[in-house]
There are 2 protein chains.
Amino acid sequence: MSLLDASGLNEEQFLQQYNPGDFPRPSVAADIVIFTIADVEGDNFRKLPGKELRVLLVRRGGHPYIGQWALPGGFMRPGETVGEAANRELVEETGVNGGYLEQLYTFSAPGRDPRAWIISCAHMALIDSGQINVHAGSDAADAQWFVVKTENAGGYIELSLSGKDASLHATAALQNGDTDIQITKNVGLAFDHAKIILYAVNRLRAKLEYTDLVFRLVPERFTLTALQLVFEAILGRTLYKAAFRRKIVDLVQETECYTSDKGHRPAKIYVKKMKEEGGQNERTNTGEF
Amino acid sequence: MSLLDASGLNEEQFLQQYNPGDFPRPSVAADIVIFTIADVEGDNFRKLPGKELRVLLVRRGGHPYIGQWALPGGFMRPGETVGEAANRELVEETGVNGGYLEQLYTFSAPGRDPRAWIISCAHMALIDSGQINVHAGSDAADAQWFVVKTENAGGYIELSLSGKDASLHATAALQNGDTDIQITKNVGLAFDHAKIILYAVNRLRAKLEYTDLVFRLVPERFTLTALQLVFEAILGRTLYKAAFRRKIVDLVQETECYTSDKGHRPAKIYVKKMKEEGGQNERTNTGEF
DNA sequence: GTAATAGTGTCTTTGAGACACTATCAA
DNA sequence: TTGATAGTGTCTCAAAGACACTATTAC
């Protein structure tokens, strides 16, 4: 480029003399809603373990929101994308590298952090419970998994998070035109993290229906019933078996293996179907860039 | 709260002594993809005007990317959300206040702006062409509307933008698992704005199908055929009339009025149906917070 | 009449919802 | 045998796709 600007500078000269000035800049945090699916062991040897959706939270050891629970997160650093910052935190907290990570939304309300001007670029991570290794190198000694449940009742959404040591609860009101929500009650969650978690649950549920994100939450080999239980745990409602199987049959690939020693009829083991060269793959596009 | 932290401070004391430190912080820009629908006037008095999707771009008067076209945008300021920053720019560029504005995604690749560490929180705005008033108080003398067309061919997406004075073009390659795209060719678009525009077009197309966003792009009163032409212009394909009408009939409300003097059968005028108190409104939730 | 759009009817196909039924294992 | 899951068949209903047909205006 040899184009000159109004001062007669070419691009190289311009960049050399460029001064970013001293306008105020916010800190940018990458917060992550880390989801996993966990088994609920029953006492009946014949029953399959139930599944539940869990989110990882960290107990705050200092002000503000001391003693309350927050999403894992950290500040973005020069030379990395905000997604890389999120991944760094994900690895620190869970030991999982290469897990699924997706940017959700950037929360920037003034005052959302009482300490300083900090905006949060929220992310969602999905990891298979088999590879979880919480506390791997984490400085957050108080990281815990919380079971996620929501209830929808008359313009309000109730979010319940149940952990080993604590039960958290938030209520959100749907606002004008359902395009906005506002937290009206909040017990135990730090910052605006209740809002972020609700946003993430919403996104996860929506994408479950039109992408193949489920496979980020289950082991490589699974039965169709296990897969259905994962759907049900996330969506919070039961599905019809026949309809469910019709729907996902073209996303999975059967193997020759079966379960055994379960006290009931063995189930065929499936794996995720790999993309064919010439085939149509409508459900793989996640819409993210 | 009278809880004390490890230093024996309560929250108020902590916040008073809190020092945000001097860690590097990025500038945060709010860039906006402003869409509108415009008429394509024909020469046949009987023919309805065609519709086309347009995006507003600004010609850069200085380095970097001097002479190329960029999205309108500006920096986020303390005390406002990034959405408010976007709205400020939207009003400056178009004179439209209260238009539809939605946050898309935060682009943060290092080096995306050669001047400095600047991340971009991209937004999408939809305005009715009737209220457009480009240059209203704008300092960007070179703002122009570009017709948006995309073509999908074998793992690549072609984006074409046609304006009065310029034709821009970019090619994007779908990457691993379609979860990522990469711009492989770019003629005339500044920064990573080709990527942002593609992201916005994608989002708009997807939301058109399951929300009532169309009504942000059309005048208050419209015919069903005009509405269908808007859908077709955005989606880039023709729709079946009968099926289209079945689909949107429960989103619109007919009036007593008809078009006239058109050289063909008059069409009934419709308005957007307002939400009923007790009714179900499945298509109003946009999934945004 | 003619060229255009307005508006509707209907047949087919697809897929979800709902339910019932058979199959098969381990204790 | 029993209690559980595995797996399939099928009827219904709703919605989309595809096409054809009639209606109505300004010139």
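Chain letters run A, B, ... following the sequence lines, proteins first and then strands; every chain starts at 1.
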J.: For the pair made of OH in A:Tyr240 and C1' in C:dG15, what is the distance, rounded to whole Å?
T.: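 Rounded to the whole Å, the gap is 15 Å.
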J.: Hey, does the side-chain of A:Lys262 have a donor or acceptor N/O within less than 3.5 Å of a partner on the base of D:dA4?
T.: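 Between D:dA4 and A:Lys262, which were checked side chain against base, a qualifying N/O pair under 3.5 Å is absent.
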J.: With nearest nucleotide decided by heavy atoms, which residue, B:Ala243 or B:Ala267, maps closer to the 5′ end of DNA chain C?
T.: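 Nearer the 5' end of the strand: B:Ala267.
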J.: Return the 5'-most residue of the pair B:Lys268, B:Asn44 with respect to DNA chain C, ranking by each residue's nearest nucleotide.
T.: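 Taking each residue's closest nucleotide, the earlier one in sequence belongs to B:Asn44.
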J.: Which nucleotide sits closest to the side chain of B:Arg46: D:dA16, D:dC19, D:dC27?
T.: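 Between D:dA16, D:dC19, D:dC27, the one nearest the side chain of B:Arg46 would be D:dC27.
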J.: For D:dA4, does the base pair up with any side-chain atom of A:Arg265 as donor and acceptor (N or O, under 3.5 Å, distance only)?
T.: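 Looking at the base of D:dA4, it does not pair with any donor or acceptor on the side chain of A:Arg265 (distance under 3.5 Å).
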J.: Of B:Phe244, B:Tyr240, B:Phe222, B:Phe215, which meets ring pair (Phe, Tyr, Trp, His ring centres under 6.0 Å) against B:Phe231?
T.: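 That would be B:Phe244.
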J.: Between C:dA6, D:dC27, D:dG7, which nucleotide gets closest to the side-chain atoms of B:Lys241?
T.: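 Nucleotide nearest to B:Lys241's side chain: C:dA6.
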J.: Hey, is CD on A:Glu220 packed in by over 12 heavy atoms from elsewhere, all under 6.0 Å?
T.: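 No, not enclosed.
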J.: What is the distance from OH of A:Tyr210 to P of C:dA16, rounded to the nearest Å?
T.: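 My rounded result for the distance is 16 Å.
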J.: What integer distance in Å separates A:His264:NE2 from C:dT24:C1'?
T.: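 In whole Å, C:dT24 C1' lies 11 Å from A:His264 NE2.
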J.: Could you say whether A:Pro266 or A:Arg246 is positioned toward the 5' end of DNA chain D, judged by the nucleotide with the nearest heavy atom to each?
T.: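 Counting from the 5' end, the first nearest nucleotide belongs to A:Pro266.
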J.: How many Å lie between CZ on B:Phe244 and C1' on D:dA18, as a whole number?
T.: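 Taking atom C1' of D:dA18 as the reference, CZ of B:Phe244 is at 17 Å.
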J.: With respect to the side chain of B:Leu48, which nucleotide from C:dG17, C:dA27, C:dA6 is positioned closest?
T.: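 Shortest atom-to-atom distance from the side chain points to C:dA6.
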